[in-house]
Amino acid sequence: MPHAQFPQSPTLQVSLSMIPVISSIPVVQLASGDRLSLQVYQFQGAVPGKKAYLQSNLHGAEISGNAVIYQLIEFFMSLDSSQLIGEVWLVPVCNPVGVSQRSHHFSPGRYNLYDGEDWNRIFWDFEKQGEDILGFAKSHIHLDADTIKVNYRKAIALSFAKELARIKAPSCRPYSELYRYQLQSLCLDADYVLDLHSSTNQSLDYLYCFSSREQSAKAFLLDRGILMDDYDGDAFDEAFLKPWLALEKILAELGSTEGCAKAFDIESWTLELGSGMELNPESVANGLRGIKNYLATKGLLKIDGFPLPETATHQLIFTPKNSVKKYYAPAGGMIQNRVELGSFVKKGDRLYQILSFHKNGEFPSFVDVCAESDVFIFDVSINQSVNQGEYVLSVMAD
């Protein structure tokens, strides 16, 4: 695939056929008096329809999605409004606090420095609020899918509105709750949510997929996916979709055919596009192509050549989340002879070697770490110096 060519100038040299509505939303005032904000680009098609919401850079070091969103802004501005059915909201650098964190030359930004929480494990989940989803399902069992969908959105919105009352109380709330309220308020009414990440380490491109969405996942034209058979609802994509998955399950158990995934057509995705702290041109190109193809497949885009003809036959290999395994260093030292990203390794074969130094009068030694089963390597640590128990690589069961 040819490498994406990043613009050399910050000025968008495009047609002005479709101009976005640009909104700035303050999320926090600093002690200095300065304010950090989100900026939202809203593209509205000539014909009303569904809403797609895309954001990038929730983790501070994961910047590749910002280049994808830049190119999407450029792309949408080149379209006629008749080519967009519905609306698309784009939010680059969606975590202004996380993306600004620095440690020497490194951009960590995965955790809130104030409370240690992972920025992508803080989000509000309707299902966890104790709402009576079973009661809702029973009262709507004989209604059509569109009516159920509208009323369920209202129920979620009413529950979410209580968060604002807590924020505005004199006691206020921690920053993570102020931040998540602003971010989630942008997407609660969306049909499709795309959260663009990359690894904090070195990684291949892949996506996270939820139950009954496997066919839709093919539209992104990525080779690998992690099937979400285990989740708690705290991540952004999970918090959005988990209530809908719960409703679908309950309606199916009650014998309804109206509340299936296809009938609601509500989806959320996390796309992992390459490595941290870099804009890998191939990963950016893969993300851009996949998103355009997905939106065309969903009927939001009417452009020549899309959906791409290979979509129907594309082979996407899914690995259940519980079959993804991380390897941690059994000894301290320096990583060497590590297998490359994208490698297949047989059970018992060496994954990597640790050059381990000792402080007990012994000579340095080597520790070979071998695969516990047949595996595929999709993520490896950037740092090749490890303490015992530190992360080294991640594998998918082959």
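Positions are given from 1, in the same order as the sequence printed here.
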Practice item. Output yes when D374 and K347 qualify as a salt bridge under the 4.0 Å nitrogen-oxygen rule, no when they do not. Key: no

Review point. Less than 4.0 Å between a side-chain N and a carboxylate O, is that true for D234 and K128?
Key: yes

Just checking [X]: does its [atom1] atom have more than 12 heavy atoms from other residues, nucleotides or ligands closer to it than 6.0 angstrom?
{"X": "E253", "atom1": "CD", "answer": "yes"}
{"X": "Q336", "atom1": "CD", "answer": "yes"}
{"X": "K249", "atom1": "NZ", "answer": "no"}
{"X": "F106", "atom1": "CZ", "answer": "no"}

Exercise for review: Describe, in one word, how the ring planes of F123 and Y179 are oriented to each other, choosing from parallel (under 30°), tilted (30 to 60°) and perpendicular (over 60°).
Suggested key: tilted

For a quick check under 3.5 Å, do [X] and [Y] share a side-chain donor-acceptor pair by atom type?
{"X": "S216", "Y": "K298", "result": "yes"}
{"X": "Q83", "Y": "D80", "result": "no"}
{"X": "E272", "Y": "H197", "result": "no"}
{"X": "S212", "Y": "E248", "result": "no"}
{"X": "S176", "Y": "N112", "result": "no"}
{"X": "N286", "Y": "S283", "result": "no"}

Point to revise | Residue pairs involving residues 299-315 (criterion side-chain hydrogen bond (donor to acceptor under 3.5 Å, both in side chains); sequence neighbours excluded) | key: N293-T311

Review point. If every non-hydrogen atom of D379 is compared with every non-hydrogen atom of L341, which pair is closest and at what distance?
Key: N-CD2, 3.5 Å

